Amino acid sequence: QRPLVESGGGLVQAGGSLTLSCAASGRLFSRYTMGWFRQAPGKEREFVAAIGWSDNSTYYADSMKGRFTISRDYAKITVSIAMNNLKPEDTAIYYCAAGRRPPHLLGSEIEYWGQGTQVTVSS
């Protein structure tokens with residue numbers, strides 16, 4: 001069974017909205033910080049957002065604040081990110097990730113990665 005599986009990617013026009021979901025296998029992930037990263041062609045991997053498990057604290061990259069919202073469902077063991085006012089520069093492969101670090105330090109120690117889902121924003 002795949003530990004993390006993303007879904008919801010696709011093609012949208014600039015200004016549109018899209019919600020991505022990540023399904024985690026096992027209650028282990030109910031006590032892990034969950035988050036999203038993205039990578040565009042020719043660009044380095046970029047942190048998007050993360051959410052903790054003890055207090056549901058969230059942390060966003062500055063460029064995402066006000067446009068993206070991360071949330072999680074403990075019963076379904078899923079994490080989602082709602083993206084609105086999408087721009088062509090948001091085009092990338094989006095990856096779900098999990099680790100034991102708090103949201104603002106998730107990138108320093110990732111234990112699990114999803115396979116990614118493509119998001120394409122046309123102008």
Side-chain angles (χ1 to χ4, degrees):
Q1 183 74 21
R2 303 178 183 84
L4 303 175
V5 180
E6 304 96 332
S7 63
L11 174 65
V12 297
Q13 292 191 347
S17 300
L18 197 64
T19 297
L20 307 180
S21 295
C22 174
S25 300
R27 287 197 170 277
L28 167 71
F29 296 100
S30 293
R31 297 189 183 278
Y32 270 63
T33 292
M34 305 290 293
W36 294 89
F37 293 78
R38 70 184 186 185
Q39 187 166 27
K43 302 291 185 179
E44 64 182 12
R45 187 187 66 185
E46 178 184 28
F47 171 77
V48 176
I51 184 168
W53 59 268
S54 61
D55 59 358
N56 286 335
S57 61
T58 58
Y59 184 71
Y60 297 88
D62 288 340
S63 62
M64 317 301 171
K65 293 179 180 178
R67 296 195 300 129
F68 294 4
T69 302
I70 189 170
S71 62
R72 68 191 300 167
D73 186 320
Y74 287 96
K76 297 181 179 179
I77 317 178
T78 59
V79 60
S80 299
I81 185 160
M83 307 182 293
N84 60 67
N85 191 210
L86 286 163
K87 306 173 182 179
E89 49 262 46
D90 292 318
T91 295
I93 298 176
Y94 284 71
Y95 297 91
C96 180
R100 292 172 290 174
R101 299 292 189 181
H104 68 289
L105 295 176
L106 179 61
S108 68
E109 188 177 343
I110 303 295
E111 293 193 37
Y112 299 93
W113 287 100
Q115 74 274 45
T117 185
Q118 178 71 47
V119 172
T120 302
V121 184
S122 64
S123 59

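These numbers come from a predicted model, not from an experiment.
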[X] [atom1] to [Y] [atom2] distance, which is reported to the nearest 0.5 Å:
{"X": "Met64", "Y": "Glu46", "atom1": "CE", "atom2": "CD", "result": "4.0 Å"}
{"X": "Ser63", "Y": "Phe68", "atom1": "OG", "atom2": "CZ", "result": "7.5 Å"}
{"X": "Gln115", "Y": "Leu4", "atom1": "CD", "atom2": "CG", "result": "8.5 Å"}

Quick one: list whatever passes side chain to side chain donor-acceptor pair (under 3.5 Å) with Ser57, sequence neighbours left out.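 Applying side chain to side chain donor-acceptor pair (under 3.5 Å) to Ser57 gives Asp55.
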
Can you name the residues that form a ring pair (Phe, Tyr, Trp, His ring centres under 6.0 Å) with Phe47, not counting sequence neighbours?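 Checked Phe47 against ring pair (Phe, Tyr, Trp, His ring centres under 6.0 Å); matches are Phe37, Tyr59.
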
Those residues that, when tested against Tyr60, pass ring pair (Phe, Tyr, Trp, His ring centres under 6.0 Å) (two or more places apart):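 Expected list: none.
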
Qualifying salt bridge (charged side-chain N to carboxylate O under 4.0 Å, His left out) pairs, either residue in residues 5-32, two or more places apart: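 Every candidate salt bridge (charged side-chain N to carboxylate O under 4.0 Å, His left out) pair involving residues 5-32 fails, so no pair, neighbours aside, qualifies.
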
With sequence neighbours excluded, give me every salt bridge (charged side-chain N to carboxylate O under 4.0 Å, His left out) pair touching residues 10-23.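 As it turns out, there is no salt bridge (charged side-chain N to carboxylate O under 4.0 Å, His left out) pair with a partner in residues 10-23 once direct neighbours are skipped.
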
Could you tabulate the donor-acceptor pairs under 3.5 Å formed by side-chain atoms of residues 75-86, not counting sequence neighbours?
from: Ser80; atom 1: OG; to: Ser21; atom 2: OG; distance (Å): 3.3
from: Asn84; atom 1: ND2; to: Arg67; atom 2: O; distance (Å): 3.0

Can I get a per-line list of side-chain donor-acceptor pairs under 3.5 Å for residues 94-107, giving both atom names and the distance, sequence neighbours left out?
from: Tyr94; atom 1: OH; to: Arg38; atom 2: NH1; distance (Å): 2.8
from: Tyr94; atom 1: OH; to: Asp90; atom 2: O; distance (Å): 2.7
from: Arg100; atom 1: NE; to: Glu111; atom 2: OE2; distance (Å): 2.3
from: Arg100; atom 1: NH2; to: Glu109; atom 2: OE2; distance (Å): 3.1
from: Arg100; atom 1: NH2; to: Glu111; atom 2: OE2; distance (Å): 3.2
from: Arg101; atom 1: NE; to: Glu109; atom 2: OE1; distance (Å): 3.1
from: Arg101; atom 1: NH2; to: Glu109; atom 2: OE1; distance (Å): 3.2

Leu11: which other cluster members, linking ILVMFWY side chains closer than 4.5 Å, directly or transitively?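 For Leu11, no cluster forms, as it stays isolated from other hydrophobic side chains.
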
Are Ile51 and Leu28 connected into the same hydrophobic cluster when the rule is that any two of I, L, V, M, F, W, Y join if their side-chain heavy atoms are below 4.5 Å apart?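 They do share one cluster, since a chain of ILVMFWY contacts under 4.5 Å joins Leu28 to Ile51.
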
Can Ile110 be reached from Ile93 by stepping across I, L, V, M, F, W or Y side chains whose heavy atoms are under 4.5 Å apart?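 Yes, it is one cluster - the side chains of Ile93 and Ile110 are joined through contacts under 4.5 Å.
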
If a pair satisfies disulfide bond (SG atoms under 2.5 Å apart) and one of its residues is in residues 28-61, list it, with sequence neighbours excluded.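 For residues 28-61: none.
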
Taking only residues at least two apart or on different chains, which pairs with a member in residues 34-95 satisfy disulfide bond (SG atoms under 2.5 Å apart)?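 Checked against disulfide bond (SG atoms under 2.5 Å apart) - neighbours excluded - no pair reaches residues 34-95.
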
For Asp62, which residues count as a salt bridge (Lys or Arg N to Asp or Glu O under 4.0 Å) partner, sequence neighbours excluded?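 Lys65.
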
